Peer 1: 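Quick one: this structure, given as structure tokens, is what I'll be asking you about.
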Amino acid sequence: MGIQINALKCNNCMACEMVCSYHRDDGFAFLSACIVSYRAKEKKDYFGMLLKEEDVLIVARPEGIEINKIGEEADPDKEADASAKPMLLREGCDRCEDMDDYGPMCVAFCPVDAITLD
Amino acid sequence: MEYLSTDKILVIDLNSAQVEEEELDESLVEEKIGGIGITKYLYDKYIEDDPIVIGTGLLSGTTYPASASGQITAKSPVTGKVCHCPVIYKAGVEIKYSGFDYIVVKGQSQSPVYLWVHDGVADISDAADIWGKDVWESTDALRKFVGDDLLQTMMIGPAGENGSDHAQVCYNHWTSPDRFGFGKLFGSKNLKGFAFRGMGLIEIAEPEDYVERSLEILKEVKENDFLEKKGIAQILSALGEEDVEAWIEPIIHRHSADFFTPYATNTALFIDEDPGLLEESKKDEPGVLVSDVYALLGFKNIGLSAVDAGRALKACAKYGIDPFAVAQFSGKTTIEEIKESFDSIKGVVEIPGSGHFSPWCPTRPIFNDFGLSGDDEITAWWERRQAVSMIFGIQPIFCLMCPELTEENMLELASIGTDLELTQETLDAVIDDILG
Amino acid sequence: MKGPKIGLYAGSGTSHSWLWFVDLFEKAGFYDLVFLDEFSVQNNEIKELDVLVVSGGDTFAVAKSLGKEGGQNIKAFVEQGGTYIGSCAGAYLPMNSSKKPLDWFNFVDVKITNLSKTLPLAEIKTCKFCTSYGCDFVFHPVREAVALKTTSFYGKETPIEFTAPLYGGPGMKAGDPSWVVAVYNGFTPKTSFLTSRKIAEKTLINNAAVIRVPYNNGSFYLLGPHLEHPKFKEANQFIIDAVISETCMVQNRGTSKYRLESTPLKEKITGKQAKELLLSIRRELSNSRIVAGSLEFLPIQWLIGQKVYEPQKVRVYLESMFKRLKALEKNKVLILKPGLNERITRAAKQLTIELRRIKREIDENLESLKTAIVIFDLLHVLSISFFELYFTNMFNNSVQFKESLGNI
């Protein structure tokens with residue numbers, strides 16, 4: 001059972017990021033989420049999502065999904081290694097296993113059902 | 001004010017470059033609720049200083065659906081009335097997470113400044129490097145300087161610096177709901193704008209109840225058929241302008257939404273790039289994000305092609321001028337002539353109803369009819385709906401689409417979230433005060 | 001019993017894991033914390049401590065920074081009754097070694113089990129897998145949570161099983177079996193294997209994970225995993241129990257060091273000056289953490305010495321300080337060493353400048369390693385200064401509170 005992301009359905013509203021962070025912090029914030037709206041390329045209208053799971057980082061780009069195994073690097077001696085993984089110190093997704101009423105919060109709260117549970 | 005709040009009101013005196021903080025008292029929230037209920041109160045409190053008041057709705061930045069907006073309250077230098085302009089995209093929410101619920105800006109700076117608001121700190125910063133730059137250049141420069149592309153800005157461009165009646169305060173790179181000439185007001189104070197960024201945490205009185213009820217309301221909202229639609233063209237179709245869709249379709253890239261808003265009220269037009277491109281464009285500025293349905297329609301109605309309409313919207317966003325006013329009053333029909341006319345735009349934008357709310361927002365229900373009939377009933381409803389959306393911080397266009405977002409459940413969530421008793425009577429009184 | 005005075009080494013060569021000790025000790029109510037850089041160890045400011053903690057990082061860099069003099073001071077500290085707690089890199093440090101500069105720290109007869117003449121095959125290719133050690137390799141068979149079990153030498157009737165994360169720390173063999181307090185007992189569902197399971201088992205299982213070496217009047221604790229990690233409460237308790245029991249033992253033996261209750265070299269600042277200092281700290285920490293937040297998503301890392309540093313680690317330091325600001329801002333009076341306010345302000349401002357610089361360098365595809373080195377050095381300077389300010393005031397508040405209870 002896994003979280004599936006349809007990046008083209010996503011409307012970049014950040015609901016997932018908010019509720020994931022709530023799940024970890026018990027308040028409204030954006031600090032601790034393991035699912036993050038990638039929105040740093042606003043002028044280019046390029047947005048997607050990053051989801052950190054225990055072993056992998058899922059990069060949901062509009063052009064397709066990329067799954068990267070955490071811990072692997074292409075060239076460890078290279079200073080700026082393009083395959084080094086972001087979000088390493090955030091906790092991996094636990095599918096909100098302690099929240100029986102909702103299941104994964106991001107799935108429950110996505111207003112456009114871009115995030116589903118397989 | 002412990003919950004749903006940063007508990008802080010910032011008061012900035014541009015004359016003396018003094019920055020002070022006040023506590024947001026619970027009694028004020030009990031009396032005025034939030035958003036423009038309180039910005040109006042603060043405006044009146046500091047009226048002698050011709051203040052600009054930035055606010056956030058009581059529910060802004062929470063799990064209540066479409067809790068996206070902030071507000072600007074000020075006296076329009078064009079209409080002379082106290083007006084309220086929504087702060088949309090992600091900028092409205094960023095205000096609260098930067099550490100302040102309300103910001104009052106008084107007086108006039110002796111030299112150009114911008115206000116850098118971050119994590120409960122407000123710095124009056126020298127704007128010499130960005131004064132004279134357009135909105136896009138200014139936002140890009142500040143993001144580069146601060147080191148964060150997620151910085152949210154409210155900026156004026158040359159139109160505001162030159163004192164144009166149609167100068168807008170723009171948000172990030174995009175035009176805004178400002179039809180009141182607030183850009184001119186900013187310019188007159190030597191205020192280039194605001195930059196916001198914060199990683200705050202907002203506490204909730206009853207978090208589990210609040211979140212549970214938010215989800216119930218969201219589920220009701222998601223029952224609506226209109227959520228299968230997206231973007232500004234479909235809004236215009238719902239308003240009777242069906243031919244816009246076919247006209248604009250070839251240059252639509254993607255649609256996006258404001259914070260937590262189920263309907264994508266913003267459409268990106270690619271005018272210098274293949275609109276079908278899904279990968280990140282190699283071009284720095286492939287297009288423009290549009291939320292102003294009437295500006296788009298206006299450019300169509302003067303005979304521009306979709307691409308030229310996109311170019312015109314982009315030029316307006318950079319210049320910091322109201323694109324609707326440009327479309328209405330420029331009298332020009334080519335893109336080059338339109339750009340050249342920016343400094344000479346003359347005309348008065350009609351503000352509907354009591355003149356407090358922006359006609360950027362369609363003045364009728366969208367997709368759902370809310371059981372209304374007759375122009376008078378619709379106008380009265382619209383004004384009330386705008387007031388409610390800006391008290392609670394709800395995306396104002398979405399508020400016109402969604403009957404499931406009721407005053408009752410907004411009050412309910414506000415009470416659960418704050419542990420205060422907020423009643424319909426209080427809300428009615430606040431609205432009456434706002435509408436005068 | 002008087003609370004222990006604990007020194008945390010936070011100088012050159014350390015990574016961010018000493019911050020976990022800060023959280024741990026603060027939760028346990030131990031506010032008498034001293035933050036040390038390499039100069040303070042060399043100047044023997046550790047002699048007044050009850051406990052010295054050296055956490056994770058680059059063992060070679062730590063040894064080089066502390067130098068021969070630092071090594072001698074640590075030896076004397078433990079001989080005279082002090083307790084040394086070394087976690088991960090800090091565990092490697094006092095083990096016998098022929099390699100320079102580690103040979104200045106040959107205090108305990110403990111060997112590591114994760115040393116090999118030939119490099120085992122890596123299941124996952126990562127620069128965290130191994131470090132060269134002369135002609136040999138120190139390799140790391142697993143990362144993340146591993147299962148530990150206490151031995152009969154821990155002093156409890158029944159063994160205690162708990163988990164703790166391993167991030168490059170050693171498996172160990174002790175010169176004396178009675179030194180072994182806990183062993184590696186197994187792996188967990190969260191364990192990430194960097195080698196084959198067979199090699200991992202051979203290297204770790206039933207070998208020492210936690211060793212206590214009595215040393216004249218004091219003791220060395222060597223912790224292979226990070227028992228101080230905030231997500232591992234039982235492991236945390238192990239450390240607290242060790243600190244309490246060691247401090248009690250030393251006090252009961254009468255070998256407790258003389259300690260001044262208050263240091264004369266402190267000043268008080270109040271009112272506007274205090275407010276301005278705190279606002280200045282908040283301003284620069286905010287400016288820094290905003291850039292650090294944007295670096296978090298960039299695919300980059302830096303190899304500094306033998307250790308890999310990711311940009312997210314910058315945020316760890318900054319958040320650790322930022323979250324304590326509110327508590328500090330409640331103080332109307334601030335107590336601090338003369339010059340500390342200037343040091344903090346200067347370091348904080350410079351950190352913002354350097355972080356903004358590195359963001360530009362990365363955005364423009366320029367070399368950023370030099371700036372990264374400066375940033376991590378500045379983080380040490382700033383965090384040492386900040387925590388000194390914070391815990392001086394926390395300790396003072398707690399002393400005043402206890403005194404007020406005494407007066408009731």
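Sequence lines set the chain letters: A, B, ... in the order given, protein chains first and strands last, and positions in each chain run from 1. On a predicted model such as this, the values are computed, not experimentally measured, just so you know.
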Peer 1: Give, for atom OG of A:Ser21 and atom CE of B:Met199, the distance between the pair rounded to the nearest 0.5 Å.
Peer 2: 11.5 Å

Peer 1: Among B:Asn172, B:Asp284, B:Asp140, which residue satisfies the side-chain hydrogen bond (donor to acceptor under 3.5 Å, both in side chains) criterion with A:Lys43?
Peer 2: B:Asp140

Peer 1: Report the option among B:Glu285, B:Lys230, B:Lys90 that has the most heavy-atom pairs separated by less than 4.5 Å from atoms of chain A.
Peer 2: B:Lys90

Peer 1: Which bit of B:Glu273 comes within less than 4.5 Å of chain A, counting heavy atoms only: side chain, backbone, both or neither?
Peer 2: neither

Peer 1: Measure the shortest side-chain to side-chain distance between B:Leu201 and A:Phe28 over non-hydrogen atoms and say whether it is less than 4.5 angstrom.
Peer 2: no

Peer 1: Please examine the side chains of B:Val211 and A:Phe109, heavy atoms only from C-beta on, and report whether any two atoms are closer than 4.5 Å.
Peer 2: yes

Peer 1: Do you know which of A:Gly27, A:Ala7, A:Cys10 has the most heavy-atom pairs under 4.5 Å to chain B?
Peer 2: A:Gly27

Peer 1: Closest approach of B:Lys222 and A:Asp113, non-hydrogen atoms and distance?
Peer 2: NZ-OD1, 2.8 Å

Peer 1: Specify the closest pair of heavy atoms between B:Leu218 and A:Ala108, including all atoms of both residues, with the distance to one decimal.
Peer 2: CD2-O, 4.2 Å

Peer 1: How long is the straight-line distance from NE2 of B:His255 back to CG of A:Asn11, given to the nearest 0.5 Å?
Peer 2: 10.5 Å

Peer 1: I want to check something: taking the side chain as every heavy atom from C-beta on, are B:Asp149 and A:Lys41 in contact at a cut-off of under 4.5 Å?
Peer 2: no

Peer 1: Quick one: which residues of residues 13-20 of chain A reach chain B at under 4.5 angstrom, heavy atoms only?
Peer 2: A:Cys13, A:Met14, A:Ala15, A:Met18, A:Val19

Peer 1: Looking at every non-hydrogen atom in both residues, tell me the closest pair between A:Leu8 and B:Arg254 and how far apart they are.
Peer 2: CA-NH2, 4.1 Å

Peer 1: Look up atom CG in A:Asp25 and atom CD1 in B:Ile202, then write down how far apart they are to the nearest 0.5 Å.
Peer 2: 12.0 Å

Peer 1: Please determine, among B:Pro65, B:Pro262, B:Ala257, the option with the most heavy-atom pairs under 4.5 Å with chain A.
Peer 2: B:Ala257

Peer 1: Which atoms of A:Phe47 come close to chain B, meaning under 4.5 Å heavy atom to heavy atom: side chain ones, backbone ones, both, or neither?
Peer 2: both

Peer 1: Within the 4.5 Å heavy-atom criterion, are A:Tyr22 and B:Thr63 side-chain neighbours or not?
Peer 2: no

Peer 1: Below 4.5 Å from any heavy atom of chain B, which atoms of A:Arg39 appear? Answer side chain, backbone, both or neither.
Peer 2: both

Peer 1: How far apart are the closest heavy atoms of A:Asp45 and B:His253, and which atoms are they?
Peer 2: OD2-ND1, 2.6 Å

Peer 1: Which distance, rounded to the nearest 0.5 Å, do you find between the CG of A:Asn12 and the CZ of B:Phe259?
Peer 2: 11.5 Å

Peer 1: Considering all heavy atoms of both residues, which atom of A:Lys44 and which atom of B:Lys283 are nearest to each other, and what is their separation?
Peer 2: CE-O, 3.4 Å

Peer 1: Does any part of the side chain of A:Glu42, heavy atoms only, come nearer than 4.5 Å to the side chain of B:Tyr89, both counted from C-beta?
Peer 2: no

Peer 1: Is the number of heavy atoms from other residues, nucleotides or ligands under 6.0 Å of A:Glu66 CD greater than 12?
Peer 2: yes

Peer 1: Taking atom CD of B:Glu208 as the centre, does the number of heavy atoms from other residues, nucleotides or ligands within less than 6.0 Å exceed 12?
Peer 2: no

Peer 1: Please determine, among B:Phe270, B:Tyr210, B:Trp174, B:Tyr3, the option with the most heavy-atom pairs under 4.5 Å with chain A.
Peer 2: B:Trp174

Peer 1: Can you confirm whether A:Pro111 sits close enough to B:Thr261 that some side-chain heavy atom of one is under 4.5 Å from a side-chain heavy atom of the other?
Peer 2: no

Peer 1: Could you tell me which portion of B:Tyr97 (side chain, backbone, both or neither) has an atom closer than 4.5 angstrom to a non-hydrogen atom of chain A?
Peer 2: side chain

